[in-house]
Each structure stands twice: as C-alpha cells, then as structure tokens.
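Here the structure comes first, spelled out in structure tokens, and everything after it is commentary.
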Amino acid sequence: MTTDVTSQAPAPLRAGVIGGGFMGVVHSRAIRASLARTVAIATSTPERSSLAAAGLGFERPAGNATELTEDPEIDVVHVCTPNSSHAALATAALAAGKHVVCEKPIATSVSEATELVSAADAAGRIGAVPFVYRYHPMVREARARIARGDIGALLSLDCGYLQDWMLESSDDDWRAGSEDGGPSRAFADIGSHLCDLVEFVTGERIIRLSARTRRVFEQRARRHVVNEDIVALLVELESGAVGTLLISQMAAGRKNAVTLEVHGSRQSVRFDQEHPEQLWIGARTASQLILRDPSVDAPDSARLQSIPAGHPTGYQDAFTAFVSDVYSAIAGHTPNGLPTFRDGLRAVELTESVLTSARSGAWVDTTPGFASTKETS
C-alpha cells in the first residue's frame with residue numbers, strides 16, 4: 001500500500017519564544033493549543049532557559065536570543081521580553097527570515113515602530129502584536145452589531161482599564177524604569193489595549209485626544225519611577241462621537257477590569273472582559289444581556305467559538321485564537337481582524353500623543369503620521 005504524500009497535512013509550524021515570564025507562559029500554551037511545535041525558548045540566562053524549557057514543555061533551551069532567532073529549525077519567533085528590547089529582537093528575527101509575534105509596545109518610539117513595520121513588509125513576513133481582547137467572541141459580536149447599524153449613530157463612549165498591582169509604594173516592576181519600560185507604563189501597557197478595542201469595535205479612529213497623567217510614587221522599592229501610574233483621556237472619534245477613558249494600575253480591587261461601553265442613538269452596548277461570556281445591550285425601554293452562543297452570534301464571533309454555549313471561555317482562549325490566526329496568516333490565509341505591526345505602530349503613535357498632550361495640556365491630533373507633532377487648542 002502506498003501513501004499519497006500530496007494529501008498529507010502540512011508539517012506543524014516550529015515556534016521559538018524569547019522570554020519566560022508570565023507572557024512567555026501564555027504564549028507557550030497558545031502555541032501548543034494551535035498545534036505548533038514549541039521548539040526552543042531563550043530567557044535571561046542559559047540556566048533560566050533550561051528551567052523554562054523543562055517547565056513549559058519546550059524541546060530544548062536556546063543559549064540566548066541570537067541563537068534562537070538564527071535557528072534554522074524555527075519558523076516563528078514570539079518576543080515576550082521587556083519593552084525596550086522588542087524592536088531590536090523583532091528586527092533581528094525578521095532579518096533571519098522568521099515570522100514574528102511581538103508583545104506590545106512593539107517599540108518605544110514612533111520612528112522605531114515605523115522601521116519595524118517597514119522591515120516586516122520588506123521581509124515578506126507576518127508581524128503580529130497580541131491585542132488579544134479583539135479575540136473575545138462577544139467583542140466581535142459588539143463590533144458586528146455596530147457595523148450593521150443596530151445601535152444607530154455613534155454618540156459617546158465610556159471605557160476603562162483598571163488594575164491594582166502597582167497600588168503600594170513597595171510594588172515594583174521593570175516597567176516602572178526607563179531602561180526597560182520606556183517613557184510610558186500605564187498607557188503603553190494597558191491603555192493601548194483599550195484604545196485598540198475602541199477603534200476596532202467602533203470602526204472609527206480616535207482623531208484627537210486630551211490626556212492627563214499621574215505618577216503617584218516617585219520612588220518604588222528598587223528604582224526611581226519615570227512613567228505614569230494613571231491616565232485620564234478625553235477622545236474624539238471620526239464621526240464626532242466623544243468619550244472618556246480611565247486607565248490605572250492603582251485601582252484597589254480591580255485586577256484586570258477592561259470595559260468598553262458604546263452609546264448609539266438607538267442602543268448602547270457594553271463589554272466587560274472579566275465577564276466575557278455576555279454583552280449588555282441597553283435601550284430606552286428595555287435592556288438585556290446577550291450570552292455567547294455560536295449558533296446565533298455573528299459569523300466572525302462564531303468562528304472564534306470552539307465550544308458550545310454554556311461552556312465558559314476566557315483570556316487564554318482569546319490568546320489561543322489570536323495565535324491560531326497568526327499561524328493561519330503564515331499559511332497564506334487572511335483572517336479577519338488580525339492585529340499586525342501596523343496596529344502596533346498605531347498604538348505607539350497614540351502613546352506619543354498621550355504623552356505630548358499630558359505635557360502641554362493641549363488637545364493633540366492623532367491622525368497617523370502626525371501623532372508626535374501636531375497639536376490643536
């Protein structure tokens with residue numbers, strides 16, 4: 001009996017991860033769930049790489065990041081390291097012919113992020129950034145309802161991303177320092193997710209914003225603090241809709257409270273990431289909760305639902321769906337809503353706009369290409 005090799009499934013992608021912290025763990029789980037091979041991992045030292053490889057189920061450790069990016073047995077590199085190293089590591093991986101999944105921010109300046117987008121285009125490789133909240137099915141359901149006009153004309157937004165892990169002065173992290181974290185912390189780390197959701201779900205750009213930032217502690221346990229703990233934003237969208245966004249890493253009791261509420265002339269819609277199985281639909285005469293159900297949800301929502309209604313999904317499921325879409329794009333497909341390095345550049349542009357507005361007290365235009373220069377009163 002002979003085997004028709006043309007009918008065999010393609011070989012699984014071979015993935016490498018740089019960084020063994022929380023995000024490295026999340027990425028490695030998503031890689032395995034997406035049926036790729038977890039080939040190698042590199043962390044800060046060879047010893048830690050060996051421990052991470054054993055603990056996370058990689059085939060082998062890599063001695064360092066360079067060894068991993070140049071490994072001919074790796075197809076895609078996941079960059080899960082401190083912010084300041086993202087652009088250099090992603091650029092090196094692209095130069096070695098790899099596809100890249102890079103944690104945000106993809107760079108700590110607009111110029112670096114622009115160069116990274118160009119590098120991915122020139123290499124003909126996929127560059128993706130994990131704006132994974134796009135991959136909650138009920139986010140896609142909200143997006144579909146807005147796109148088909150269910151809520152009417154867009155009027156306003158009320159959104160937030162609240163955490164409490166930096167509440168005390170003894171709470172410390174590399175993100176608070178300039179060397180690793182970059183000029184922005186709260187916005188670059190979590191506010192970028194919120195703005196991506198706003199633009200993705202509404203289908204409109206934030207065209208200008210006014211920002212206020214606050215740094216509560218000048219000194220944390222092991223370092224001088226250089227970036228913000230809290231950001232408050234007023235934003236205006238292309239249609240004239242206005243909104244408020246509150247971003248804080250010092251909101252006691254809030255662990256990962258991502259909320260997006262959009263108000264239209266007929267209905268409102270609200271998504272709460274800590275209750276991802278439901279969508280609140282508000283109306284003047286009656287409001288309702290819509291529960292996730294692939295049998296009735298919009299097609300782009302249903303395609304992300306691998307299990308039936310009543311079987312809860314969450315953050316790791318969303319992350320796996322994102323990685324699966326990345327790998328689908330590598331295979332030549334065009335998955336709807338995949339966040340690429342261009343979306344990563346957009347986030348860096350918005351970050352620069354936030355910092356510019358916070359320094360000047362002025363409204364700042366955020367049209368791509370003008371994020372760092374153009375201000376209006």
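The residues of the chain are indexed from 1 along the displayed sequence.
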Show your working on side chain to side chain contact (heavy atoms under 4.5 Å, CB included) between R205 and R346 and close with a plain yes or no. CA-CA 10 Å; R205 289 288 202 188; R346 174 61 175 166; 3.0 Å; yes
With a 6.0 Å cut-off on the ring centroids, do H27 and F319 count as close? yes
For atom [atom1] of [X], decide whether the heavy atoms of other residues, nucleotides or ligands shown that lie under 6.0 angstrom number more than 12.
| X | atom1 | answer |
| --- | --- | --- |
| R148 | CZ | yes |
| E59 | CD | yes |
| H275 | NE2 | no |

Would you call [X] and [Y] a salt bridge, using N to O less than 4.0 angstrom?
| X | Y | value |
| --- | --- | --- |
| R175 | D180 | no |
| D173 | R222 | no |
| R60 | E73 | yes |
| D325 | R303 | yes |
| R215 | E228 | no |
| D229 | R214 | no |
| K104 | D189 | yes |
| R134 | D196 | yes |
| D172 | R223 | yes |

Cation-pi between [X] and [Y]: NZ/CZ under 6.0 Å from ring centre and within 45° of the ring axis?
| X | Y | answer |
| --- | --- | --- |
| R270 | W280 | no |
| R140 | Y135 | yes |
| R143 | F200 | yes |

Test your reading of the model: is there a side-chain donor-acceptor pair from [X] to the backbone of [Y], 3.5 Å cut-off?
| X | Y | answer |
| --- | --- | --- |
| S357 | A362 | yes |
| S328 | P335 | no |
| R220 | E168 | yes |

Could you tell me how the ring of Y327 sits relative to the ring of H78: parallel (under 30°), tilted (30 to 60°) or perpendicular (over 60°)? perpendicular
Between Y161 and Y133, what is the ring plane arrangement, given parallel below 30°, perpendicular above 60°, and tilted in between? perpendicular
Looking at every heavy atom in both F341 and A120, which two are closest together, and how far apart are they? CD1-CB, 4.0 Å
When you look at Q219 and S169, which way does the side chain to side chain donor-acceptor pair (under 3.5 Å) test go after all the steps? CA-CA 7 Å; Q219 186 74 31; S169 62; over 6 Å; no
